[in-house]
2 protein chains.
Amino acid sequence: MALTRDDVVDAAVDLLAEVGLEGLSLRRLARELGVSAPTLYWHVADKRTLLDHVAERLLADQWRSAPPIGPGEDWAAWLRERALAQYRALVTHRDAALVVAGNRPTDDALPAVEATMATLVGAGLAPREAFLTLMSVGHFVIGSAVEYHAERARAAETAAVPHGGHDPAAHPTLAAVAAAMGPPDGARHEDVVRHGLDLMIDGLRARLDPAP
Amino acid sequence: MALTRDDVVDAAVDLLAEVGLEGLSLRRLARELGVSAPTLYWHVADKRTLLDHVAERLLADQWRSAPPIGPGEDWAAWLRERALAQYRALVTHRDAALVVAGNRPTDDALPAVEATMATLVGAGLAPREAFLTLMSVGHFVIGSAVEYHAERARAAETAAVPHGGHDPAAHPTLAAVAAAMGPPDGARHEDVVRHGLDLMIDGLRARLDPAP
DNA sequence: GCCCTCCTCTAACAGCGTTAGGGACGCTAC
DNA sequence: GTAGCGTCCCTAACGCTGTTAGAGGAGGGC
């Protein structure tokens with residue numbers, strides 16, 4: 001059976017998860033597919049556009065599993081959950097955030113964007129505000145995921161960093177935080193995401209109900 | 001006069017601004033310095049650590065010019081301005097966001113972090129909340145800058161994209177947004193950043209003054 | 001005069017994305 | 001039956017990349 005472009009993209013997604021963005025070369029990808037490197041150019045115009053397809057695939061998987069908002073459901077909780085799911089999707093696929101960043105929304109993604117924005121407009125936001133909010137949440141999620149991956153790569157190569165090793169007297173507030181939060185671990189990153197999303201949502205609520 | 005590491009980092013910052021992250025090669029950097037490529041390895045361990053130094057330099061420049069908060073000044077306005085300044089610094093240096101992303105705060109940056117967090121704690125936030133907020137704002141700024149650069153790179157190669165070319169009937173909310181916002185231009189990106197920051201700050205305000 | 005450290009060099013390796021050009025398979029038309 | 005054509009894959013090669021090995025010159029201390 002002849003190779004299809006979907007096969008190439010599938011293999012690229014797998015290889016990305018395995019070796020990261022830096023390790024993903026066309027020669028390696030071709031070897032994985034049992035094919036010579038230039039052959040890939042028959043199925044894909046460019047490495048860059050291959051990555052576009054990969055990003056599309058990653059996002060498509062994420063949107064396809066998204067439950068639409070139910071009637072009477074709280075839009076805030078729904079938006080929070082969607083953003084968190086997107087963050088988790090970007091975090092579980094290695095380097096996905098870097099690949100996805102800057103991709104134009106493909107036509108496939110438009111209905112999802114439309115639905116999300118319609119929900120916000122239905123909740124009382126002006127269209128312009130809904131759009132800016134959606135972009136803001138997106139930027140925040142991407143930024144969080146990029147930082148997560150970058151810190152992860154850093155941690156892998158520097159083994160152990162003496163985290164609390166600074167002078168507490170010089171930085172009392174930092175010391176208080178370190179004492180209050182305990183050692184850094186994986187859950188910490190999601191705490192930040194949750195906190196940021198809550199801040200944005202609270203800010204939205206304040207706009208929707210000026211004086212409750 | 002012999003080359004110093006600072007010279008190399010300086011030249012790398014300039015070259016980054018000129019040719020972008022993809023165009024920044026050690027050979028090109030060496031040529032710019034009038035030196036052969038392997039010579040750089042005397043001053044710098046690695047390309048990766050060179051980029052670390054570049055990121056440090058970019059952030060240092062940005063924090064050094066930061067005015068501390070004045071007495072009686074509104075913390076919200078101050079935080080907003082600091083975040084916007086950081087965004088602008090990342091945006092004006094080409095690809096700076098990608099280089100900076102994931103850098104641990106160097107020891108030089110600690111006083112600034114301490115000061116910012118002390119301000120938030122002074123305004124009434126718990127240390128943990130102040131820390132999470134600072135991280136959230138940072139992630140949002142980085143994400144916005146990454147998206148800015150990525151979209152910029154995309155726009156450069158696809159010349160003109162028929163932006164409003166989709167079917168308005170299929171996506172009424174999107175069409176309303178397109179009509180309300182006009183054509184995309186450079187200011188749009190900062191609108192998103194401003195909006196996101198306002199949301200977060202409004203959310204913070206809601207926490208600080210539960211029932212004003 | 002000798003050594004030692006700094007700083008720079010040339011030569012080279014393996015790998016990268018990408019292009020040029022060709023060859024084998026199967027379908028369709030005459 | 002065979003000529004033509006589109007599909008899919010190949011080898012060879014170009015110019016680039018980060019990086020290493022090893023040699024050598026300039027300048028200071030003894």
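Since the structure is predicted, the reported quantities are computational estimates derived from the model, not experimental observations. Reminder, nothing fancy here: chain letters follow the sequence lines and each chain counts from 1.
- Partners of B:Asp14 under the salt bridge (charged side-chain N to carboxylate O under 4.0 Å, His left out) rule, at least two apart in sequence or in another chain, do not exist in this structure.
- With sequence neighbours excluded, the residues forming a side chain to side chain contact (heavy atoms under 4.5 Å, CB included) with B:Ala85 are B:Gln62, B:Arg82, listed by chain and number.
- The salt bridge (charged side-chain N to carboxylate O under 4.0 Å, His left out) check on B:Arg94 picks up nothing, with sequence neighbours excluded.
- If you check residues 33-44 of chain A against DNA chain D, the residues with a heavy atom closer than 4.0 Å are A:Val35, A:Ser36, A:Pro38, A:Thr39, A:Trp42, A:His43, listed by number.
- For A:Glu32, the salt bridge (charged side-chain N to carboxylate O under 4.0 Å, His left out) partners are A:Arg28, not counting sequence neighbours.
- With sequence neighbours excluded, the residues satisfying side chain to side chain contact (heavy atoms under 4.5 Å, CB included) with B:Arg27 are B:Ser25, B:Ala37.
- Protein atom CG of B:Leu50 is 15 Å distant from nucleotide atom P of D:dT17, rounded to whole Å.
- Annotation: of the two residues near DNA chain C, A:Arg31 and A:Ala45, the 5′-most nearest-nucleotide partner is A:Arg31.
- Put simply, NZ on A:Lys47 is 14 Å from P on C:dT19, counting in whole angstrom units.
- Residues satisfying the side chain to side chain contact (heavy atoms under 4.5 Å, CB included) criterion with B:Asp10, sequence neighbours excluded, are B:Arg57.
- Of the residues in residues 13-28 of chain B, those placing a heavy atom less than 4.0 Å from an atom of DNA chain D are B:Leu24, B:Ser25, B:Leu26, B:Arg27, in numerical order.
- With values rounded to the nearest 0.5 angstrom, B:Met200 atom CE is found 5.0 Å from A:Phe140 atom CZ.
- Residues that satisfy the salt bridge (charged side-chain N to carboxylate O under 4.0 Å, His left out) test with B:Asp202, not counting sequence neighbours, are A:Arg207, B:Arg205.
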